[in-house]
> 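Here it is: the structure, laid out below.
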2 protein chains.
Amino acid sequence: MIVAPGPAATAHVPASERIYLALRQEIMRCEIAPGATLDATSIARRYEVSKTPVRDAMQKLAADGLVTILPRSGYHVAPITFQAVHDILDMRAAIGPHAARQAARYATPAEVTLLRRIVREYDAPLDIGTMQQVARRFHIAIARCSRNRRIVALSENLFDELERLLRFAIDFTVKTGEHSDEHTALVDAIEAGDGERAAAIETAHIRSSREFLIERLMTLGYLSENEIQIGSASRSAGE
Amino acid sequence: MIVAPGPAATAHVPASERIYLALRQEIMRCEIAPGATLDATSIARRYEVSKTPVRDAMQKLAADGLVTILPRSGYHVAPITFQAVHDILDMRAAIGPHAARQAARYATPAEVTLLRRIVREYDAPLDIGTMQQVARRFHIAIARCSRNRRIVALSENLFDELERLLRFAIDFTVKTGEHSDEHTALVDAIEAGDGERAAAIETAHIRSSREFLIERLMTLGYLSENEIQIGSASRSAGE
DNA sequence: TTTCTACATCTGATGTATCAAAATTGCAAT
DNA sequence: ATTGCAATTTTGATACATCAGATGTAGAAA
């Protein structure tokens, strides 16, 4: 029962997936402006395919919340609103502490080792961009420890979207070096199996992170009053 | 101004939406068995449309997590696994208390009134089915108070899926009459603006709800060991 | 006879080209 | 300036073609 001479494991390039990934990346990097209208036909031309896979891609993007589909009208990439930023940060505040608490219950020694390895990456001075990447991996690793696939998927989604929303607001060249202690303490709590302490640390961490980001947005002129609106007037998204 | 003689206000029946809703309902009511394979062609015949809207519907269902798409292979309705039940209940444990806490911050008097009206429905003796409906409306009303659209959407999704997962396990004719106090206390805390108390009550509530459901599942013979598996062998979902 | 492998077939998803319907846009007329 | 109509644009749907994977059959080896 050796597995044959396998010509590599089916290197499928499911076309619609290609377009989905490509568009997703462009949207996330804001190479396609928030609020912009997407024309299925021209996209189909650009990627040299028909419109059907484009439709599939649009559906997937809509599922991610990256585009909204107005029936018989058009595909719009989600605008950046204060509401959206708030929702995401608030959602992290709901998920993060819970994930930390569950991680304290379920994390294996191997997983704790992985967490420590990630934390160590904070030692080097990092720009905000890569720091966010590290933070992303760290928190998603914790999410995995929670033994809840939904939480993992949701966490990934939140980080992705947050990255996009902040791309407008953050100067990615800024250097920072910090947080290492906080993260170490969190891993310690997880290793000790102290769920409440882990949750508390994560709560504080997310709160400070949230305040940092909000303040930064306000400093940079977004969030002037209590409304940021980059992109089309958000059609009240209906029911 | 006046909306024309309108043949009814554009009773848009966006075909793909029709099929999506129809299939969704069938899947949720387990009229289509968990783990079953869906044939796009026959579905297209059944609803007298082409395959394209069926594909769109499948994408949406996949986004809801109700079907999994194996590329070039088939559409399968999600099997019922212990993991799935666990994930959903755990997710509620993460979201619920946070929503309650935020509701305590943001709820308007009108919203509190609405919540009290819903709680009052518990006074009459209800079977489990309608009780779940009431519980659903109650918790979603709270989610709305949190001012976080994601939390609202996620809550709705969780309740929907939970309903499906439990349809196998619950005897919907059982009568129960309870919980009214717990819910009243929760609304009181929200009205008083006491977020921590609201969150604590919700935590306890979800915990007892969870235990009730798990115990019920075990009593009924599901969850024999620590695995329930209705439907196809869950292809280990990769990655 | 049994089993394993190689081949052929068949099913069903994926993609293309085309068409129809609806909405937005621009123009013209009042 | 506003309203109504027509033309363009773009989505939504259909029918058809293609292609990968699953299934079934037959033949060879044990």
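Below, chains carry the letters A, B, ... as their sequence lines are ordered, and counting in each starts from 1.
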> In chain order, what residues pass the ring-ring contact (aromatic ring centres under 6.0 Å, His included) check against Tyr20(B), with sequence neighbours excluded?
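Tyr20(B) satisfies ring-ring contact (aromatic ring centres under 6.0 Å, His included) with no residue once adjacent residues are dropped.
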> Among the candidates dT14(D), dG15(C), dT16(C), find the nucleotide nearest to the side-chain atoms of Ala15(A).
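Taking heavy atoms from C-beta onward, the closest nucleotide is dG15(C).
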> Can you see whether Asp90(A) engages Gln102(B) through a side-chain donor-acceptor pair at a distance of less than 3.5 angstrom?
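Yes.
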> Taking it one step at a time, do Arg136(A) and Asp160(A) satisfy side chain to side chain contact (heavy atoms under 4.5 Å, CB included)?
CA-CA 9 Å; Arg136(A) 179 201 158 94; Asp160(A) 284 350; 2.4 Å; yes
> Using a 3.5 Å distance criterion without hydrogens, assess whether the side chain of Arg147(A) forms a donor-acceptor pair with backbone atoms of Cys145(A).
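Side chain of Arg147(A) to backbone of Cys145(A), a donor-acceptor pair under 3.5 Å: yes, one is there.
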> Once ring-ring contact (aromatic ring centres under 6.0 Å, His included) is applied, do any residues pair with His98(B), and if so which ones, sequence neighbours excluded?
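For His98(B) there are no ring-ring contact (aromatic ring centres under 6.0 Å, His included) partners, ignoring immediate neighbours.
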> Give me the residues of residues 54-64 of chain B where at least one heavy atom lies under 4.0 Å from an atom of DNA chain D, by number, or none.
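Listed by number, there are none.
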> Is the shortest distance from a Lys or Arg side-chain nitrogen in Lys60(B) or Glu17(B) to a carboxylate oxygen in the other one below 4.0 Å?
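Salt bridge between Lys60(B) and Glu17(B), a charged N being under 4.0 Å from a carboxylate O: yes.
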> Mind calculating the distance between CD1 (Ile19(B)) and C1' (dT14(D)) to the nearest angstrom?
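Taking atom C1' of dT14(D) as the reference, CD1 of Ile19(B) is at 13 Å.
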> In Å and rounded to the nearest 0.5 Å, what is the CD1 to CD1 distance from Ile32(B) to Ile27(B)?
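Spacing of CD1 (Ile32(B)) from CD1 (Ile27(B)) equals 5.0 Å.
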> Between protein and nucleotides 8-13 of chain C, what N or O pairs are separated by less than 3.5 Å?
residue, atom, partner, partner atom, Å
dA13(C), OP1, Leu38(B), O, 3.3
dA13(C), N3, Arg72(B), NH1, 3.4

> Name the atoms and distances for all side-chain donor-acceptor pairs under 3.5 Å in residues 46-56 of chain B, with sequence neighbours left out.
residue, atom, partner, partner atom, Å
Arg46(B), NH2, Glu26(B), OE1, 3.1
Arg46(B), NH2, Glu26(B), OE2, 3.3
Tyr47(B), OH, Glu26(B), OE1, 3.1
Arg55(B), NH2, Asp56(A), OD2, 2.6
Asp56(B), OD2, Arg55(A), NH2, 2.3

> Measure OH/Tyr20(B) against C1'/dG12(D) and give the value in whole Å, please.
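Atom-to-atom, Tyr20(B) to dG12(D), this comes out as 19 Å.
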> Applying the side-chain contact (heavy atoms from CB on, under 4.5 Å) test to Ile118(B), which of Ile140(B), Val134(B), Ile142(B), Thr113(B) qualifies?
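Among Ile140(B), Val134(B), Ile142(B), Thr113(B), the one that satisfies the side-chain contact (heavy atoms from CB on, under 4.5 Å) with Ile118(B) is Val134(B).
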> Between dG15(C) atom P and Tyr47(A) atom OH, what is the distance in whole Å?
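To the nearest whole Å, that distance equals 15 Å.
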> Hey, what bend do you get for the helix from dT1(C)-dA30(D) to dT30(C)-dA1(D) if you fit axes on five pairs at each end, rounded to 10°?
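It comes to 10° between the two terminal axes.
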> How far apart are the closest heavy atoms of Glu161(A) and Ile88(A), and which atoms are they?
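Minimum heavy-atom separation between Glu161(A) and Ile88(A): CB-CD1, 3.6 Å.
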> Treating Asn148(B) as the side-chain partner and Asp87(A) as the backbone partner, does any N or O pair qualify as donor plus acceptor under 3.5 Å?
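Pair found, side chain donor or acceptor close to backbone of Asp87(A).
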> Please state how far atom CZ in Arg18(A) lies from atom C1' in dT14(C), giving the value in whole angstrom units.
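From Arg18(A) CZ to dT14(C) C1': 13 Å.
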